[in-house]
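Structure, as structure tokens:
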Amino acid sequence: MEIASKYNPRAVEEKWYSFWLEKKLFHSEPDRRKPYTVVIPPPNVTGVLHMGHMLNNTIQDVLVRRARMMGKNACWVPGTDHASISTEAKVVKMLAERGINKRDLSRDEYMKYAWEWKEKYGGIILKQLRKLGASCDWDRTAFTMDDIRYESVIQVFVDLYNKGLIYRGARMVNWDPQALTAVSDEEVIYKESHGKLFYLRYFVEGEDKYIVVATTRPETIMGDTAVCVHPEDERYQWLKGKNVIVPGVGRVVPIIMDEYVDREFGTGALKITPAHDINDYNLGMKYNLNSIDIFNDNGTLNDNGGKYAGMDRFACRKAIMKDLEESGLVEKIEDYVNKVGHSERTDAVIEPKLSTQWFMKMSDIAKKALEVVEDGTIKFHPEKFKNTYRHWLENIKDWCISRQLWWGHRIPAWYFDVNGKMEIVVALNEEEAKKIAADKYGYTGELRQDEDVLDTWFSSWLWPISLFDGIRNPDNEEIKYYYPTDDLITAPDIIFFWVARMIMAGEEYRGEVPFKNVYFTGIVRDKLGRKMSKSLGNSPDPIELIEKYGADGVRMGMLLTAPAGNDLPFDESICEQGRNFANKIWNALRLVKGWAVSDELQQSPENEVSVQWMEQRMACVLEQIEKDFEQYRLSEALMNTYKLIWDDFCSWYLEMVKPAYGTPIDRETYLSTIAIFERLMCMLHPFMPFITEEIWHLLQDTDSEAKAELIAQSSIMIQHMPVSVFFDQRMLDDCAMAQDVVTGIRNLRNSRGLSPKEALELFVVCGDGKQMNSRFDGIIKKLANVSKINYVNEKVEGTISFMIGTTECFVPMSQNVDVEAERKKLEEELKYAEGFLASVMKKLGNEKFVNGAPEKVVAVERQKKADAEQKIAALKAQIANLK
RNA sequence: GGGAGUUUAGCUCAGCUGGUUCAGAGCACUUGCCUUACAAGCAAGGGGUCAUUGGUUCGAAUCCAAUAACUCCCACCA
């Protein structure tokens with residue numbers, strides 16, 4: 001069979017992904033095996049794959065594929081999030097393209113369009129994940145607004161309301177004037193912005209004196225209802241009990257005194273606008289001040305804005321300042337840098353706004369959620385995120401869960417008036433609401449359902465439960481089997497939004513944590529360390545990367561640079577390493593498959609020992625890899641696998657057993673090699689699923705048709721992951737010694753320009769009990785092209801030498817030796833050895849060390865001394881010999 | 001303002017409870033090779049006062065303190 005010299009990922013990847021799907025190898029049903037469950041962090045239904053997803057899902061796939069091969073019933077559930085605000089934006093855009101204005105639509109009509117959009121464009125990202133090789137159980141694909149999830153959300157809302165954990169109230173909320181909805185505290189991003197600090201004059205009522213107040217938001221003076229100073233501020237004692245006139249507005253407002261004011265800031269006087277600032281709101285409550293709302297929902301001024309009514313808030317700021325300056329009411333204007341809240345979803349400047357919203361009480365539920373992380377029931381990787389988590393939960397505020405949108409789970413609350421008073425009924429549906437209204441209030445008329453929907457996170461916090469229908473049917477077989485899930489892989493920026501709340505929901509609805517481990521990935525940055533973003537254009541298109549380097553190559557590139565919790569500076573060139581590795585493996589296959597196999601040939605002792613060594617080596621590295629996985633050190637695990645395959649298997653093992661050109665290999669060695677290769681592919685499969693599947697198939701013995709058919713129907717995915725076994729460290733050490741000899745000879749050839757084709761003779765001085773294990777002689781001969789190895793007691797004349805530890809090796813040279821260069825080299829080595837000895841002697845000469853240090857450490861030092869002395873003697877002799 | 005973290009080779013990072021895994025890995029780099037699996041390769045090699053300064057100790061990359069630089073999170077003084 002002719003195999004191309006370059007690995008071509010594209011065809012291979014398509015072929016195997018459809019094969020896996022066709023064979024339903026990703027599908028999971030409860031059975032007797034132990035489950036291993038992962039739920040995908042549901043990407044926005046509007047989303048397209050970006051590098052963050054690539055990283056996150058690659059990690060999940062590695063863990064899932066490994067668990068599957070370890071004999072667990074692995075179930076990775078995919079799905080998407082309805083993402084209310086961003087979907088709303090997409091739908092509005094689609095409508096605009098068709099010349100439709102959202103405002104002209106009824107809620108039902110709008111929802112029809114929204115679903116249409118979702119069916120047509122939503123979830124592209126899930127298709128893209130297939131290109132990456134994600135082994136999700138697609139039969140379980142869910143959506144946060146599909147029937148099961150929708151009903152679960154409503155049920156939870158009703159339940160929490162009945163438990164008194166959800167309430168409705170007027171609060172200061174973060175208002176997004178672009179999306180026209182409230183957003184939670186967590187959805188506000190504070191960004192540094194360069195603005196101005198305006199110093200305005202507030203004249204005292206009936207006097208010609210004024211007080212200067214500094215503000216960054218002069219447009220809100222329309223809503224001023226007081227000016228506040230510190231009660232102990234000497235400068236303002238004279239103002240006690242007086243009123244001042246709001247500049248430009250003419251309203252008379254009181255001076256109040258409160259310790260809240262920072263005397264150092266600005267002039268130490270603060271204007272109070274209770275409707276538009278959270279702190280002012282609190283002061284307003286305390287001093288019973290009027291609250292004048294001057295803004296419309298979209299951020300323009302309302303009728304309270306007087307002549308500025310209808311103007312946008314930022315235009316208004318300019319206009320007011322112009323007017324005030326003309327009236328001589330401006331003291332000065334300074335440049336000022338402060339942090340301004342922006343909406344995470346729309347980037348609009350957030351407006352604090354008083355409005356009636358639904359909230360969820362957090363304090364009790366937060367305590368439980370903190371406990372399970374503190375006591376290690378849930379482990380965070382890396383652990384440092386425990387701190388962040390703790391801090392948030394200890395300072396948690398109630399969660400604003402209502403959003404003024406249509407796309408989402410509509411709040412199941414109905415309103416009606418009884419005797420002129422508005423009553424609220426919360427129920428699973430309108431029918432039940434009517435029943436309650438009738439039973440409880442004797443009301444039988446029409447009900448009005450709340451117009452708002454729930455925060456998107458109010459559905460995703462149930463995800464690990466609702467995916468298995470554990471809210472509606474808490475005792476069903478699936479939830480009992482798959483819950484709690486095992487590992488959650490997510491980015492640290494949603495630790496509050498999502499991770500913390502899922503833990504709360506788990507406690508509340510299952511009395512059990514939703515997952516055992518949380519692996520926080522880093523943030524993918526560009527090589528300059530900047531966050532990847534559309535506006536910078538510094539984010540590579542993952543699909544293009546896959547086409548260029550193969551999915552396996554990209555996966556490897558991502559993983560190599562991604563220790564848990566560290567940001568990864570992503571550079572496309574790292575994918576090259578992955579691609580090159582795939583090619584390397586491919587060529588190893590070409591070599592092995594190119595061998596003629598002989599049944600007559602007996603296995604040589606060299607081949608026998610090579611096979612033994614490789615097996616020991618694998619066992620040793622496997623142990624390391626298992627540790628890496630236990631600690632979620634995936635990049636280490638991959639690196640160890642990489643080195644095992646490239647260095648140990650390709651560079652050493654294959655060279656050891658490779659038959660001379662044109663000659664066959666004995667069957668025993670061949671079969672062992674295939675078996676080793678196969679196991680290596682199993683070890684690598686979680687990282688590079690496609691090429692390993694391809695090679696696994698090509699490696700199989702398919703001499704009979706029946707067997708070939710069997711193999712064709714099978715997959716590496718369902719093979720057993722090799723596990724570590726006891727290994728012989730002595731053998732590994734012995735071989736390492738032989739490898740050092742080979743390297744020594746190669747080095748010698750290299751530095752003296754000797755052709756590798758010219759065979760050399762090797763003398764090894766043994767004695768003093770130190771021996772080289774001659775089991776590896778054959779290998780040395782083969783790999784270093786040595787014709788004969790002589791074990792001698794004496795130094796050999798007319799040779800050049802090198803040392804492996806304390807063992808001296810000599811190679812006779814047919815050509816003239818550059819004595820001067822040789823001497824220089826040896827003398828340098830001698831100098832180093834003497835320096836080394838001196839430092840050891842110093843230690844040993846220190847009585848405190850000899851008495852204080854553990855015996856073992858002192859013994860080691862003594863050994864060092866003996867070795868160094870031996871080496872120095874040998875070097876001196878060699879120098880003397882050079883004449 | 002509060003908190004957390006980072007600083008080790010040109011780059012990205014390992015380095016656990018102080019001592020032969022102590023100065024490591026991969027990539028990059030240098031030199032020589034188109035050697036019949038692979039130039040997306042082979043062989044060999046050169047790179048580091050472990051951020052700085054003190055302290056503890058027989059002994060510090062490792063423990064402690066201070067300093068500096070960077071990163072992130074939280075709070076949001078108008």
TODO: For side chain to side chain contact (heavy atoms under 4.5 Å, CB included), just list the numbers for A:Y236 and A:T267, CA-CA rounded to whole Å, side-chain angles, deciding distance to a tenth of an Å, and then say yes or no.
DONE: CA-CA 10 Å; A:Y236 298 124; A:T267 61; 3.6 Å; yes
Task: The single option from A:T388, A:L393, A:N387, A:N395 passing side chain to side chain contact (heavy atoms under 4.5 Å, CB included) against A:H391 - done: A:N395
What's the [atom1]-[atom2] distance between [X] and [N], to the nearest Å?
X: A:L638; N: B:A25; atom1: CG; atom2: P; value: 18 Å
X: A:L732; N: B:U21; atom1: CG; atom2: C1'; value: 14 Å
X: A:I585; N: B:G41; atom1: CD1; atom2: P; value: 12 Å
X: A:L200; N: B:A78; atom1: CG; atom2: C1'; value: 11 Å

With the side chain of [X] defined as its heavy atoms from C-beta on, choose the nearest nucleotide among [options].
X: A:K339; options: B:A75, B:A78, B:G41; answer: B:A75
X: A:R633; options: B:G26, B:A37, B:G15; answer: B:G15
X: A:F849; options: B:A78, B:C58, B:G15; answer: B:C58
X: A:Y661; options: B:C76, B:A44, B:U36; answer: B:U36
X: A:K584; options: B:C58, B:C38, B:C74; answer: B:C38
X: A:M639; options: B:A40, B:A37, B:G26; answer: B:G26

Would you call the rings of [X] and [Y] parallel, tilted or perpendicular, where under 30° means parallel and over 60° means perpendicular?
X: A:Y389; Y: A:F380; value: perpendicular
X: A:Y7; Y: A:W586; value: tilted
X: A:Y653; Y: A:F649; value: parallel

So what does [X] touch, heavy atoms closer than 4.0 Å: a base, only the sugar-phosphate, or nothing?
X: A:E636; answer: sugar-phosphate
X: A:V261; answer: base
X: A:Y199; answer: nothing
X: A:K6; answer: base
X: A:K386; answer: nothing
X: A:T273; answer: nothing

- [ ] Please map the stems of RNA chain B, keeping only stretches of three or more Watson-Crick or G-U wobble pairs with both distances under 3.5 angstrom.
- [x] B:1-7 with B:68-74, B:10-13 with B:24-27, B:29-33 with B:41-45, B:51-55 with B:63-67
Open item on the list: Give the residues of residues 641-657 of chain A touching RNA chain B, defined as any heavy atom closer than 4.0 Å, sorted by residue number.
Closed with: A:Y642, A:K643, A:W646, A:C650, A:S651, A:E655
Task: Backbone of A:E187 reached by a side-chain donor or acceptor of A:S343 within 3.5 Å - done: no
- [ ] Mark yes or no for whether A:S610, through its side chain, and A:M656, through its backbone, hold a donor-acceptor pair below 3.5 Å.
- [x] no
Atom pairs, N/O to N/O, protein against nucleotides 3-10 of chain B, distance under 3.5 Å?
none

Distance between [atom1] atoms of [N] and [M] (Å, rounded):
N: B:U12; M: B:U6; atom1: C1'; answer: 14 Å
N: B:G54; M: B:A61; atom1: P; answer: 15 Å
N: B:G46; M: B:G5; atom1: P; answer: 38 Å
N: B:G47; M: B:C74; atom1: P; answer: 46 Å
N: B:U56; M: B:C76; atom1: C1'; answer: 42 Å

Open item on the list: A cation-pi test, strictly: NZ or CZ of A:R617 under 6.0 Å from the centre of the six-membered ring of A:W652 and no more than 45 degrees from its axis. Yes or no?
Closed with: no
Task: Comparing A:T743 and A:R579 on RNA chain B - which has the more 5′ nearest nucleotide - done: A:R579
Task: Given RNA chain B, 5'-ward residue of the pair A:F265 and A:N747, judged by closest heavy atom - done: A:N747
In terms of base orientation, is [N] syn or anti, with the syn window spanning 90° either side of 0?
N: B:U36; answer: anti
N: B:G47; answer: syn
N: B:U7; answer: anti
N: B:U52; answer: anti

Check whether any side-chain nitrogen or oxygen of [X] sits under 4.0 Å from OP1 or OP2 of [N], and answer yes or no.
X: A:Y336; N: B:A78; value: yes
X: A:N580; N: B:G41; value: yes
X: A:R746; N: B:A44; value: yes
X: A:K848; N: B:G59; value: no

Task: Nearest-0.5 Å distance that lies between atom SG in A:C575 and atom NZ in A:K548 - done: 9.0 Å
TODO: Report the distance from atom CG of A:L837 to atom CD of A:Q870, rounding to the nearest 0.5 Å.
DONE: 12.5 Å
Open item on the list: Does either side chain, that of A:D224 or that of A:Y202, offer a donor lying less than 3.5 Å from an acceptor on the other one?
Closed with: yes
Open item on the list: Using a 6.0 Å cut-off, check whether atom CZ of A:R235 has over 12 heavy atoms from anything other than its own residue.
Closed with: yes
- [ ] Just do the salt bridge (charged side-chain N to carboxylate O under 4.0 Å, His left out) check on A:K865 and A:E869 with the steps written out, would you?
- [x] CA-CA 6 Å; A:K865 175 180 170 245; A:E869 281 169 348; 3.8 Å; yes
